[in-house]
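This report refers to the structure that appears directly beneath it.
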Amino acid sequence: MNIFNMPLTSLSGIGDKRCEEFKFLGINNVYDLLFHFPVRYQDRSEFVSVDRLCEGMEVCVKATLKNRIKNIRVRKSMLISQGVIFDDGGEIGVVWYNNRFIEKSLRSGNEYIFFGKVTKNQNKLILSNPTVETIKNEKVFAGKILPVYKINAGITQKVMQKAIMDAIDKSKGMLPEVLPKCVRERFELLGIEEAVKNVHFPETEENALRARRRFVFEELFLFQAGLYKMRAGEANNGIIYADLNCDGFYKNLGFEYTNAQKKVSKQIKLDFKSGQAMKRLIQGDVGSGKTAIAFEGVYLTAQNGYQSAMMAPTEILARQHYLKAKKSMPHLNIELLTSSVKKAEKTRILDSLQNGECDVLIGTHALIEPDVVFKNLALVVADEQHRFGVRQRQKLIEKGENVHLMVMTATPIPRTLSIIMYGDLNVSVIDELPPGRQQIKTYLVGESMHERIYNFIKKQAENKSQTYVVCPMVEESDTQNLKSAVEYSSLLAKKLYPLKVGLLHGKMKDAEKTQVMDAFKNAEFDVLVSTTVIEVGVDVPNASLMVIENAERFGLSQLHQLRGRVGRGNKESFCILIANTKNDETIRKLRVIESSTDGFYISEQDLLLRGPGDYFGTRQSGLPPLKNANPTSEVELLYKTKEAYEMIVNNTLVITEQEKALIDFGIKNMYNMDNNCNIIN
Ligand code: ADP
Ligand code: MG
């Protein structure tokens with residue numbers, strides 16, 4: 001038997017019924033149980049004498065029960081049990097609520113260990129709802145730092161503690177050690193068994209911390225090892241581009257590069273001639289002009305006789321890139337591939353890709369399908385990368401040999417996270433907006449301002465400017481009082497008559513979305529009511545007003561992205577956040593957007609407010625959730641795990657075959673991967 005199929009029923013005191021209760025907590029076997037870590041600890045390592053108790057303390061008292069406990073039924077649903085306990089320091093009242101068993105289980109004159117909170121009742125201190133241990137059990141439960149677990153109705157803390165204690169006992173020698181000995185020694189980490197024991201039942205708080213440190217280390221270590229594994233398909237050698245002359249491209253651009261763009265353009269050219277594969281993350285705030293840089297890469301690739309692939313997260317965005325690419329590089333053979341391309345057309349595109357006629361393939365996830373075969377792919381551009389899984393990017397890269405990779409992201413990712421997510425990618429930052437851009441004036445307002453906003457929209461239309469109105473939902477729901485795009489667009493059509501109001505949302509067919517977007521671009525509507533499908537990258541320079549309904553429902557980075565849809569031309573631009581909330585914290589959050597247009601600052605604030613959960617563990621990220629580590633606050637360990645893994649890779653730390661296999665096992669376990677690095681769901 002191994003620890004993963006060791007049933008909970010093999011532990012004493014656990015039968016089929018409790019087993020079911022454990023399942024509700026996601027605990028299916030002894031292994032799961034051992035890794036059900038405490039959410040906090042109670043310090044029972046010291047007994048406090050009764051005369052030293054104060055209100056609010058959570059204490060452990062060793063005392064004798066004075067008289068029999070009295071049960072008082074206050075009403076049908078409320079039973080109060082009262083008693084008095086004493087030690088050398090004096091006596092204090094004890095109260096339990098709705099505890100039918102307590103009266104029978106304690107005897108007057110016996111000494112017990114009580115653990116509970118000191119509260120005040122009619123100006124007298126009492127010990128409220130304490131748990132009670134017999135002196136016989138003292139060694140087990142009292143006089144210690146006790147774990148407090150997430151539990152449910154069927155499982156008490158005590159049952160959980162006992163089960164885990166037994167599990168630790170019965171699993172001796174069975175827990176796989178995924179951290180090699182030399183790594184543990186070098187970074188002063190506890191071994192797996194010691195760590196498990198100390199995370200549950202530490203002798204001191206320091207031991208609990210040491211145990212936790214080991215698990216955080218393990219998690220970050222495996223996380224990065226998994227990323228390295230997935231990237232194993234990435235090239236080290238890169239195709240060398242002999243011809244780096246871009247004059248033809250610049251001529252067609254219609255504007256001059258900003259200094260920031262010039263800097264990044266230089267960097268990518270250096271990459272292209274280095275002989276190393278480019279692995280570059282290009283970060284630039286919305287509207288900073290990343291697309292041109294991507295196109296420059298594409299242009300150079302074609303000029304040197306190779307093919308490029310450019311992947312965008314939505315069909316709208318892919319199409320937009322396609323049209324722009326055709327316009328700025330008219331001499332190239334550029335194709336668009338999305339899931340809505342008809343079969344015959346698709347066959348034609350795939351043929352021209354395979355025989356090398358097609359220079360550039362732009363599209364959505366459709367690009368990673370197995371039937372998409374390139375003749376000589378040399379550059380992959382992933383736009384708005386954080387929307388893709390790492391694996392998807394990988395699949396595209398593997399369609400060529402020694403492929404260069406350029407990842408464009410508009411949501412600036414805080415440094416710590418980018419280390420994890422992109423590891424060895426070089427980072428270029430476009431930290432400057434094209435000239436003539438106006439600061440987008442942002443206002444946070446309440447619902448009562450609607451009429452004035454409608455008038456403002458009309459005024460924009462008089463100036464031939466267009467407006468986006470973003471709603472949090474597609475359709476009306478009974479349960480929530482949120483603006484929905486479908487209903488709201490018809491309301492606005494009446495309110496704003498004779499202005500033309502369009503509608504765009506995620507439930508529409510791709511072809512329909514494209515049609516609406518094109519119409520808006522051609523200024524066939526004055527107002528586009530939309531859900532967040534327009535969040536990423538959509539470029540309609542004539543739109544100068546962004547109205548966001550129920551702004552309280554959106555995250556900061558998302559609001560920043562939405563706002564970035566306006567202020568793209570040279571018109572004075574506005575963003576109005578309409579919030580329906582009185583919650584101080586939410587308002588403070590929205591003030592961040594109102595007061596700043598700095599994407600980096602905003603994303604850092606977002607991370608502080610929401611934690612890194614948005615980046616990890618989502619299906620689209622392709623990255624596993626982190627259970628123990630918080631990479632934004634545990635940066636030091638993050639670097640250490642990276643160092644540890646690299647030391648293994650370059651043989652500074654030598655590990656055995658068995659240790660290697662255990663690391664692989666740990667990675668698979670964490671990522672739910674099969675042998676081919678595919679996720680098993
Ligand atoms: P993002 O970085 O958000 O992808 P885009 O590449 O879509 O931004 O650029 C936003 C807009 O700015 C586009 O209309 C683009 O043509 C324009 N643009 C880009 N660079 C410059 C520049 N140096 N000068 C003027 N306009 C520019
Ligand atoms: Mg873009």
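As a basis for the values below, the full set of heavy atoms in this structure was taken, side chains included, without hydrogen atoms, waters or symmetry mates. Counting convention: from 1, in listed order, for ligands and their atoms alike.
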Worksheet item: Hey, is R568 touching ligand 1 through its side chain, its backbone, both or neither, going by heavy atoms under 4.0 Å?
Response: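 Looking at R568 and ligand 1, just side chain atoms fall under 4.0 Å.
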Worksheet item: Is D539 touching ligand 1 with its side chain, its backbone, both, or neither, if touching means heavy atoms under 4.0 Å apart?
Response: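 It is the side chain that gets close, since no backbone atom is under 4.0 Å.
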Show me, pair by pair, the donor-acceptor contacts under 3.5 angstrom made by side chains of residues 499-509, not counting sequence neighbours?
| residue | atom | partner | partner atom | Å |
| --- | --- | --- | --- | --- |
| H505 | ND1 | K507 | N | 3.1 |
| K507 | NZ | E475 | OE1 | 3.3 |

Would you mind running through ligand 1 and noting each atom that sits below 4.0 Å from a heavy atom of [X]?
X	answer
Y257	23 (N)
T258	23 (N)
E256	22 (C), 23 (N), 24 (N)

Fill in: Distance-only polar pair, side chains of K458 and Y454, donor-acceptor under 3.5 Å
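There is no such pair (donor and acceptor under 3.5 Å, judged by atom type) between the side chains of K458 and Y454.
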Worksheet entry | Distance-only side-chain donor-acceptor flag, E549 / Y488, under 3.5 Å |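 Y488 and E549 do have a side-chain donor-acceptor pair below 3.5 Å.
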Practice prompt. Evaluate the side chain to side chain contact (heavy atoms under 4.5 Å, CB included) criterion for residues L559 and L577: first the C-alpha distance (whole Å), next the side-chain angles of each, then the deciding distance (0.1 Å), finally the verdict.
Written response: CA-CA 9 Å; L559 289 172; L577 308 168; 4.2 Å; yes
Discussion item. Going by side-chain hydrogen bond (donor to acceptor under 3.5 Å, both in side chains), H560 matches just one of D285, D606, T597. Which one?
Written reply: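 That would be D285.
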Worksheet item: Does the N or O separation between G289 and ligand 1 drop below 3.5 Å for any pair?
Response: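 In this structure, G289 places an N or O atom under 3.5 Å from an N or O of ligand 1.
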Worksheet item: Looking only at N/O atoms, are G287 and ligand 1 under 3.5 Å apart anywhere?
Response: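 For ligand 1, there is an N or O atom that lies under 3.5 Å from one belonging to G287.
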Worksheet item: Hey, does S288 sit under 4.0 Å from ligand 1 if you only count heavy atoms?
Response: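 Within the 4.0 Å threshold, so yes.
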Discussion item. So, 4.0 Å and heavy atoms of K324: is ligand 1 close enough to count as a contact?
Written reply: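 Yes, K324 has heavy atoms under 4.0 Å from ligand 1.
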Practice prompt. Counting heavy atoms only, name the option from M408, K290, Q320 that's nearest to atom 2 (O) of ligand 1.
Written response: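 Among M408, K290, Q320, the closest heavy atom to atom 2 (O) of ligand 1 comes from K290.
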Worksheet item: With respect to atom 24 (N) of ligand 1, which of G564, A260, P434 exhibits the smallest heavy-atom separation?
Response: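 Result: the heavy atom closest to atom 24 (N) of ligand 1 is in P434.
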Would you mind writing out the side-chain donor-acceptor pairs for residues 240-247 within the sub-3.5 Å range, not counting sequence neighbours?
| residue | atom | partner | partner atom | Å |
| --- | --- | --- | --- | --- |
| Y241 | OH | T301 | OG1 | 2.9 |
| D243 | OD1 | N245 | N | 3.0 |
| D243 | OD1 | Q303 | NE2 | 3.2 |
| D243 | OD2 | Q303 | NE2 | 3.2 |
| N245 | OD1 | D247 | N | 2.9 |

Worksheet item: Do the side chain of S489 and the main chain of V486 share a donor and acceptor less than 3.5 angstrom apart?
Response: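 Present.
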Practice prompt. Any chance you could lay out the ring pair (Phe, Tyr, Trp, His ring centres under 6.0 Å) test for Y299 and H331, step after step, and finish with the verdict?
Written response: CA-CA 10 Å; Y299 178 93; H331 65 298; 5.5 Å; yes
